[in-house]
K.L.:
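Next up is a structure, given as structure tokens.
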Amino acid sequence: MSNNSPPVLLSVRGVSAGYGPSDVLHTVSLEVREREIVTLIGANGAGKSTTLMTISRIQKLRAGVIEFAGHNLASTPPDQVVGMGLAQVPEGRRIFPRLTVRENLEMGGFLRHDQAAMNRDLERVYALFPILKERDRQQGGTLSGGEQQMLAIGRALMSEPRMLMMDEPSMGIAPILVVRIFQAIKQLRDEGMTILLVEQNARAALRLADRGYVMETGSITLSGLGRELLDDRRVQEAYLGE
Amino acid sequence: MIMSQAVVSESVAPVAMGWGDVLSQQLITGVSNGMIIAMIAIGYTMVYGIIELINFAHGDLCTLGSFLALTMVGALGMEAWAGMGGTAAVVTLLISSAVFCGALNWTIDRVAYRPLRGKPKLALLVSAIGCSFILVNIALFWGGLPMEVFGGGNQAAAPKDFPSLISNENLLGAQSAITVTWRDLFVVIVTVPLMIGLTWLVKSTRLGKAMRAVAQNPIAAALMGIDVNRVIGSTFLIGGALGGFASVIYALYNNTISFQMGYRTGMDAFTAAVLGGIGSLPGAVVGGIVIGLVRALSDGYIEARWTNSVVFGILILTLVFRPSGILGAKLREKV
Ligand SMILES: Nc1ncnc2c1ncn2[C@@H]1O[C@H](COP(=O)(O)OP(=O)(O)O)[C@@H](O)[C@H]1O
Ligand SMILES: [Mg+2]
């Protein structure tokens, strides 16, 4: 990388992780620089969600190093990862179904104490997704899938993150809302957010991203600029249906 | 097993009672016992709400709370504390037992349950049953200690008399057919504010919101910056403390305790929690009062020896026909 490229915010080096006796991730390495959108694509079951959960320290780290903003996360519990400014919008959204929309958003700011700043961010989220404001007293579980996704993104933003990891934000959502959510991701990037985006919708993700990584059965097999990967024959055959 | 009913029937007024009076009396007794059951049911339902564990040790925890109270009565000579001293004695017992049971419940979670998180649910359940046995045995050992205050004998398994620190005088006057005592009032005066306080805690405080978040989605809660293990520990602490209060109220209301108290009252409380909708706080309260009333009415109109069958019948019917409980479907506010 050239000298004037922005500093690395997240660095994952040689990471292995898994559930049973055998590893699901095999020495995975990737990095995300400040203000970049980086996408991680790959088939179902490749290990993308496991990668994000390991970075968030929900999943045990079996080998390797994860550094965020210069801090080694090896022995950081998940609740402190958020406090350091690394938030995740998890796969399947995981909103709190019996809390109201507003309470869901407030949970995102659980570690914050400056009420005024939180109210400002709440208004920012409502400006990004006006439907959430309309529904702010409704229980989270009553929202449609797309609205829940917006809520999950808004909730993560309430933690005032330096970086956002999103796991398949377009999964199971009406196409018109997918467009809306990708617009929001672009807007966040323009406002300076650093983003690691996991997507099944590889074309949309690669078009949006500065760089991308391709994961196959727990290993990174390809990486490059978003455009390069879009033009890569192997990517086209495997993920773009061409 | 039959102790509470025996005491209750002694307290019935000496005047001839019409059927309306009998019914009123059963209702008063039922509500008082129901509130005690509800306090214990809350401990079951909170823990179930947050980690989906039926904490079989919870009733036995309450047994130990009542043994602690009786031991303190003896050690501090509380029977002799007259007037305001009597109030001080009751307050001291309530707080001591709440602190003790809260701390013990927290410790049980830390030692016996927390290491099993993420393992199959059955492991947790077996651990809970094991803890229940251990607590029962501690209660048996405690009951066998050579202590003066263990009236009724220090044979380990013998029921112990609990001194009457609260007056059993009829507040409606000796001539009234219906009896309402200071004890009935005491139950309400202690349990109602605690339940209101708990509701406020769960609804409005930072810890309460964290508890609800963990109950609804623990991984998401961790991703919000919530220390999930700590919140679960706090839940055990609070549920245990309420059980501690309940154990003292039980002892003062019924004047007898035994190593089996937690088992029997625990079963009533568990049934109450299921009946109300396990995981639901208001459900535990409603379920507790219903079970208290059912017990009293069964004692009064069927026969005391059938009462346990009636209660378990309700448990089975609930599980078969309405597993989500009375309030479970509508108000699925876990914890
Ligand atoms: N909780 C789990 N327990 C056991 N195996 C899991 C669990 N979650 C995922 N896996 C396995 O790990 C592999 C990677 O899954 P995942 O990270 O979810 O992939 P992706 O997000 O790329 O679809 C898959 O083989 C999946 O079956
Ligand atoms: Mg996935």
Side-chain angles (χ1 to χ4, degrees), chain A residues 19-20 49 52-53 55-60 76-100 102-113 115 118 139-142 148 151-161 164-167, chain B residues 45-46 48-52 110 114-120 199-235 277-283 324-325 327-335:
Chain A
Y19 304 90
S49 299
L52 294 200
M53 284 300 175
I55 296 171
S56 283
R57 305 306 295 109
I58 301 267
Q59 188 60 38
K60 267 212 180 75
T76 311
D79 48 291
Q80 289 180 22
V81 172
V82 192
M84 294 167 71
L86 179 52
Q88 184 186 159
V89 183
E91 182 173 49
R93 311 179 276 266
R94 292 186 180 272
I95 57 142
F96 302 113
R98 289 177 303 280
L99 297 186
T100 64
R102 198 196 174 93
E103 286 173 324
N104 266 277
L105 292 171
E106 285 168 357
M107 290 317 299
F110 186 76
L111 294 175
R112 298 172 65 184
H113 296 286
Q115 195 58 47
M118 256 165 67
Q139 295 217 319
T142 65
Q148 289 190 8
L151 179 57
I153 295 171
R155 188 180 64 173
L157 289 172
M158 287 301 292
S159 70
E160 217 180 5
L164 208 52
M165 300 191 286
M166 298 195 212
D167 197 344
Chain B
T45 227
M46 284 178 84
Y48 186 86
I50 208 151
I51 56 172
E52 290 180 13
R110 184 68 192 79
R114 181 164 151 185
L116 298 174
R117 298 224 231 291
K119 304 264 162 36
T199 305
W200 170 79
L201 185 148
V202 168
K203 267 219 122 38
S204 307
T205 66
R206 193 173 135 87
L207 173 62
K209 285 179 183 170
M211 284 162 67
R212 287 189 288 156
V214 171
Q216 293 176 29
N217 198 318
I219 290 181
L223 290 175
M224 301 299 105
I226 294 169
D227 182 341
V228 171
N229 279 325
R230 199 165 139 199
V231 169
I232 295 173
S234 306
T235 305
I278 190 134
S280 157
L281 274 186
S324 60
L327 298 183
K330 257 192 316 180
L331 263 170
R332 272 206 65 83
E333 180 67 80
K334 291 207 286 179
V335 169

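So that the names make sense, note that chain A is the first sequence line, chain B the second, and so on, each numbered from 1. Quick caveat, the model's predicted, so the values are computed rather than measured.
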K.L.:
Return the CZ to NE2 distance between B/R206 and A/H113, rounded to the nearest 0.5 Å.
P.N.:
5.0 Å
K.L.:
Looking only at heavy atoms, which two atoms of A/L111 and B/G225 are closest? And how far apart?
P.N.:
CD2-O, 3.3 Å
K.L.:
Would you say A/Q88's side chain and B/L223's backbone share a donor-acceptor pair under 3.5 angstrom?
P.N.:
no
K.L.:
Would a 4.5 Å heavy-atom cut-off, applied to side chains only, mark A/P97 and B/Q216 as touching?
P.N.:
yes
K.L.:
Under 4.5 Å heavy-atom distance to chain B, tell me which part of A/S56 shows up: side chain, backbone, both or neither.
P.N.:
side chain
K.L.:
Taking only residues two or more places apart in sequence or in another chain, which ones pass side chain to side chain contact (heavy atoms under 4.5 Å, CB included) with B/A213?
P.N.:
A/F96, A/M107, B/A221, B/I226
K.L.:
Could you grab the distance from atom NZ of B/K203 to atom CD of A/E103, nearest 0.5 Å is fine?
P.N.:
7.0 Å
K.L.:
Please flag which part of A/P77 lies under 4.5 Å from any non-hydrogen atom of chain B: side chain, backbone, both or neither.
P.N.:
neither
K.L.:
Would you call A/D79 and B/R230 a side-chain contact if the rule is heavy atoms closer than 4.5 Å?
P.N.:
no
K.L.:
Tell me, with the steps shown, if B/R212 and A/R98 meet side chain to side chain contact (heavy atoms under 4.5 Å, CB included).
P.N.:
CA-CA 9 Å; B/R212 287 189 288 156; A/R98 289 177 303 280; over 6 Å; no
K.L.:
What pair of heavy atoms forms the shortest contact from A/G108 to B/M224, and how long is it?
P.N.:
CA-SD, 3.6 Å
K.L.:
Select one option (side chain, backbone, both, neither) describing which atoms of A/M158 are under 4.5 Å from chain B's heavy atoms.
P.N.:
neither
